[in-house]
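Have a look at the structure below before the remarks.
Values in this document were obtained by computation on a predicted structure and should not be read as measured data. Below, read A as the first sequence line, B as the second, and so on, with proteins coming before strands; counting in each chain starts at 1.
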Amino acid sequence: MIHKTKRYLVDVLGLNIDVDLWSENRRLPVYLQDSYKFQQTTLHNLPCLLMIALGEQEQTPAVIRKHAENIRDRWEGEVIYVRRNITAYNRHRLIQHKVSFIVPEKQLYLPLLGIDLREHFRRIRSEREQLSPSSQAVVINVLLDHNNHKYAPRELADKLGYSTMALTRVFDELEFAGIATTSRQGRKRFIEFPVDKRHLWETAGKFLRDPVKKRVYVNRMSSQIPNVVAGLTALSRMSMLSAPDRMTYAISGKAWKTIKEEDGLKQLPPIESDAIELEIWHYNPVTFAINGGVDPFSLYLSLRDSNDERIQIALEEMMEKIKW
DNA sequence: GTCTAAATTCCATGTTTGGT
DNA sequence: ACCAAACATGGAATTTAGAC
């Protein structure tokens, strides 16, 4: 219901009306003509007139109510005030004044329609520009795999510890992003990546995310923490960068959850110099671990946003050594 | 047809996150 | 601090299409 309404509003408010027929035929006072754009519509079969605020400056609620009443005299139906943003204070006052209003994609207050949802619609997140963790895990797996570039869902599911339906979604996602192509043979489905891994790395690059979901600091090492170093500890092993004082390990979210419950590690503030840094990953770092460290691709992604020049140089150095 | 394996859809669940 | 949306993924049921 809420979703339906939301979609509806987005559709209605997304319309661009070139000629404002309603107000032209009404010879509205100039101050109304100048301040608003009017648009007719219906909501749940009730005629509505959207009174869309044009000015940057937000009017006071009392003024808005006057305007709305003025309009209501010339229109049989609901008059709805529309503004891109309304301050919290004015929103309260509008509700007190019983002025219907819409903040596109965020808020809706329509008492006369029996809708008193002061539902604040969350900003619609922009088009997904990052792959889901499972999709990224597949890409990393392919980048590290020198023997193959075409896979079936089942084998990837087994290898990476996901279900086959997770792989169904992964296939769709990677195809949609233009990173890979999928095909079918009978009921089997396959996904095929560029043979040139370098090319794959480049096309996938902008869709890949920092694998680190969260960083925590603990007082001691635990046998349950996988022996997979990450962060600067890992980078120092793969470049000329000197080793940092503090060890950094990577762990999957799932593993961290059980360790936290079972092993009673103490979490410390990041300042403690003898703390161990744990990176909690979106996918399982152990799957791709090489020689007790995380894979270079994930490592690169975890540090590429650093603005420390030495780190950037070390990353470059590491990438140059990769045998594609 | 019926059986079966693989994939997919629908729904459920635990977690994270953004906005008051 | 709280709440609901969004996210990530899995379980069960359902569909698909090859094999007999």
Next item on the list: Using atom NZ of A:Lys254 as one end and atom C1' of B:dT13 as the other, report the distance to the nearest whole Å.
Entry: 13 Å
Checklist line | Length of the line joining A:Lys213:NZ and C:dC7:C1', which is rounded to integer Å | finding: 10 Å
Next item on the list: Whole angstrom is fine here: how far is it from NZ in A:Lys214 over to C1' in C:dC7?
Entry: 16 Å
Next item on the list: Write down the distance between CZ (A:Arg189) and C1' (C:dT15), rounded to a whole number of angstrom.
Entry: 15 Å
Margin query: Can you confirm whether the side chains of A:Ser302 and A:Glu279 place a donor and an acceptor under 3.5 Å from each other?
Written below: no
Note to self: Tell me the interatomic distance from A:Gln130, atom CD, to B:dT17, atom P, rounded to whole angstroms.
What the structure shows: 12 Å
Check: Is the distance from OP1 or OP2 of C:dT9 to the nearest side-chain N or O of A:Ser134 less than 4.0 Å?
Finding: yes
Notebook entry, point to check: In chain order, what residues pass the ring pair (Phe, Tyr, Trp, His ring centres under 6.0 Å) check against A:Phe297, with sequence neighbours excluded?
Noted result: A:Trp201, A:Trp324
Item checked: Cationic N near anionic O, under 4.0 Å, A:Glu202 to A:Arg198 -> no
Check: Could you give the CG-to-P distance, from A:Leu131 to C:dT9, as a whole number of Å?
Finding: 11 Å
Next item on the list: Considering just the side-chain nitrogens and oxygens of A:Arg209, establish if one lies under 4.0 Å of OP1 or OP2 belonging to C:dA8.
Entry: yes
Checklist line | A:Lys188 NZ - B:dA5 P separation (whole Å) | finding: 12 Å
Note to self: Quiz question: by atom type and distance under 3.5 Å, do the side chains of A:Asn141 and A:Tyr151 form a donor-acceptor pair?
What the structure shows: no
Notebook entry, point to check: With respect to the phosphate group of B:dT15, does any side-chain polar atom (N or O) of A:Lys257 fall under 4.0 Å of OP1 or OP2?
Noted result: yes
Next item on the list: For DNA chain B, find the residues of residues 164-171 of chain A with a heavy-atom distance under 4.0 Å and give them by number; none if there aren't any.
Entry: A:Thr164, A:Met165, A:Thr168
Note to self: Rounded to whole Å, how long is the line connecting atom OH of A:Tyr162 with atom P of C:dG11?
What the structure shows: 14 Å
Item checked: A:Arg310 atom CZ: more than 12 heavy-atom contacts under 6.0 Å -> no
Notebook entry, point to check: What's the closest nucleotide to the A:Arg184 side chain, out of C:dG10, C:dT9, B:dA7?
Noted result: B:dA7
Checklist line | Over 12 non-hydrogen atoms of neighbours within 6.0 angstrom of NZ in A:Lys214 | finding: no
Show me the donor-acceptor pairs, under 3.5 Å and distance only, between side chains in residues 233-244 of chain A and residues at least two apart or in other chains.
unit_1   : atom_1 : unit_2   : atom_2 : d
A:Thr233 : OG1    : A:Arg246 : O      : 3.3
A:Thr233 : OG1    : A:Thr248 : N      : 2.9
A:Ser236 : OG     : A:Leu232 : O      : 3.4
A:Ser236 : OG     : A:Thr233 : O      : 2.8
A:Ser239 : OG     : A:Leu235 : O      : 2.9
A:Ser239 : OG     : A:Leu241 : N      : 3.2

